[in-house]
Amino acid sequence: MQPERALPDKEKQFSEWYSEILERAELVDIRYNVKGFVVYRPNLMRIINLIRNELESSLISRGHQQVMFPIVIPMSYLRKEQEHVTGFEAEVFKIRAEEGEEELALRPTSETAMYPMYALWVHSYRDLPLKLFQTGTVYRKETRATKPLIRGREFFWIEAHDAFENKEQALTQVIEDIEITKEALRKFGLAFIVVEREEWDKFPGAEKTFAFDCLMPDGKVLQIATTHYLGTKFSKPFEVIYLDRAGEKKNVHQTCFGPGISRMAAAVISIHGDEFGLVLPFDVAPIQVVIVPIPKEGKEKEVIAKAKEVEERLEKIHIRTLVDASDERPGAKFYKYELIGTPMRIEIGEREVSERKLTFFRRDIRKRWEVEECELEVEVLKHKEDILKNLTNRSNEKLKNAIVRINTKEELKESNNKIILMNFCGNQQCAERIKYDTKGYEVRGSRIDKPEDVWGPCAWCGSEAKKVVIAARAY
RNA sequence: GGGGUCGUCAGCUAGUAUGGUUUAGGCUACACGGCUCGGGCCCGUGAAAUCGUGGGUUCAAAUCCCACCGACCCCA
């Protein structure tokens with residue numbers, strides 16, 4: 001082992017670790033040289049597509065259909081809902097209009113692109129619910145420092161936009177969106193908290209906003225998905241109206257759900273990774289098992305034949321397998337697949353062939369062991385589960401240890417890289433003071449996955465607390 | 001919006017203070033050949049940089065000056 005080639009310590013120097021892993025594992029290339037825009041390389045796209053498929057099939061199995069809307073939005077559409085424009089206009093990329101044409105915006109999100117069409121498509125309660133999603137990029141002209149996959153001016157996500165007859169149905173959808181996200185994050189082994197955002201911190205134009213936050217290694221939280229109840233705030237200006245069973249005109253109640261694919265990838269990379277590179281659970285691993293043949297002079301054929309045989313057996317049980325028979329040295333291959341996070345490795349050399357054994361290696365714990373060849377399938381499937389369990393436990397543990405309860409201003413000021421649980425008065429001014437006086441702690445909202453009862457006065461201002469909230473530094 | 005730091009092969013960089021023996025050097029990666037193969041071997045050879053762009057000063061500019069472009073950081 002050559003320590004000088006290991007990555008920096010993830011916990012101590014997260015930024016350095018993150019930049020290096022993105023480059024070394026060939027995930028992104030930042031040399032495109034436009035602020036906030038990076039190139040996604042094949043190793044990243046394969047992970048991203050697995051995340052994307054997971055979410056898309058989950059949406060489809062719950063009655064959504066896929067669409068694709070234009071990337072440009074006429075400014076007049078964007079301006080139809082007042083709070084919405086106000087929230088986004090500053091960071092919209094505009095395409096200057098030619099003489100006599102309308103100015104266009106690159107979509108910062110697609111409500112105002114989609115809802116004019118919804119108005120044309122929805123006439124009757126029979127057209128509802130309307131559940132559509134698209135996968136694609138959106139654009140926001142961030143002025144703050146950008147970080148690949150975490151804060152870009154272009155990002156890749158899914159947005160599902162649903163329309164219902166009434167509030168109850170819409171709120172049921174919000175719960176379903178939360179379920180979809182939880183399900184996916186469990187497959188990725190990521191710990192999370194779900195919060196309802198404060199009144200002033202909602203998505204521009206939403207009645208209610210719910211968000212998923214993951215804990216990054218530097219103690220900041222990363223919002224990786226949101227779902228919003230929009231009420232009739234958009235259906236009024238966009239006139240998305242249906243006739244109900246009594247023949248009465250009604251505005252639809254809408255929801256929108258935005259799981260961030262690039263941010264989920266960032267979370268998987270950051271939360272599971274270590275000083276040797278990525279650590280991927282099976283469900284997001286482009287290669288799940290890599291077979292490294294170890295040739296000895298004169299025995300190459302037997303070794304390769306055995307490797308191929310093992311590969312075939314694994315493919316039969318739908319394991320994404322690769323035999324790396326290139327002429328690099330075995331050691332170089334070991335490091336390479338550890339760098340890109342391949343969860344399991346099987347080494348096959350002369351010894352394995354003659355003893356009818358296989359040498360296994362697990363990326364998450366970096367341990368080797370031997371099993372009888374006949375145990376192959378059982379062993380792989382067993383460890384597939386075990387790896388996910390281990391990553392989940394680790395990640396849950398870190399989240400649990402980061403959450404602390406505080407009761408006073410002083411405790412909050414002294415907190416460092418913690419997720420704070422505190423009583424809160426509910427005032428925006430108070431939240432702004434907190435952010436200003438504590439080097440960036442933001443009130444993220446109240447947990448809905450683990451609700452808490454108020455146990456004292458507002459930890460900041462001392463007045464009566466209305467709720468218990470999470471406060472954290474955030475990306 | 002205000003302030004700062006920095007642009008040299010694909011990556012990391014030496015050289016810039018004091019302009020001139022530097023054919024702009026090294027390590028990694030890359031290509032070819034050899035030797036190997038149970039944790040990134042080793043040996044040899046090669047290719048690779050109009051020193052971010054444009055202008056200026058000078059006998060002479062990567063080095064000094066100006067402008068622009070780009071990246072990064074800090075503060076509001």
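Below, chains carry the letters A, B, ... as their sequence lines are ordered, and counting in each starts from 1. All figures in this text were calculated on a predicted structure; none of them were measured in a lab.
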By nearest atom, which of the nucleotides [options] is closest to the [X] side chain?
X: A:A332; options: B:rC41, B:rC37, B:rG39; answer: B:rC41
X: A:K296; options: B:rG39, B:rG11, B:rG38; answer: B:rG38
X: A:E338; options: B:rG39, B:rC72, B:rG38; answer: B:rG39
X: A:R329; options: B:rC41, B:rA10, B:rC72; answer: B:rC41

Mapping A:L339 and A:E23 onto RNA chain B by nearest heavy atom, which one lands closer to the 5' end?
A:E23
Integer-rounded Å distance: [N] [atom2] and [X] [atom1]:
X: A:E91; N: B:rG1; atom1: CD; atom2: P; answer: 14 Å
X: A:D29; N: B:rA10; atom1: CG; atom2: P; answer: 12 Å
X: A:I340; N: B:rG40; atom1: CD1; atom2: P; answer: 18 Å
X: A:L22; N: B:rC12; atom1: CG; atom2: C1'; answer: 17 Å
X: A:E297; N: B:rC35; atom1: CD; atom2: P; answer: 10 Å
X: A:E355; N: B:rG38; atom1: CD; atom2: C1'; answer: 13 Å
X: A:Y335; N: B:rU28; atom1: OH; atom2: C1'; answer: 16 Å

Decide yes or no, distance alone: a donor-acceptor N/O pair under 3.5 angstrom between the base of B:rG11 and the side-chain of A:R31.
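Donor-acceptor pair under 3.5 Å: no.
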Under a 3.5 Å limit for both distances, which nucleotide forms a Watson-Crick or G-U wobble pair with B:rC64, could you say?
B:rG56
Watson-Crick or G-U wobble partner of B:rC72, both distances under 3.5 Å:
B:rG4
Under 4.0 Å, heavy atoms only, any strand: does A:V292 hit a base, just the sugar-phosphate, or nothing?
nothing
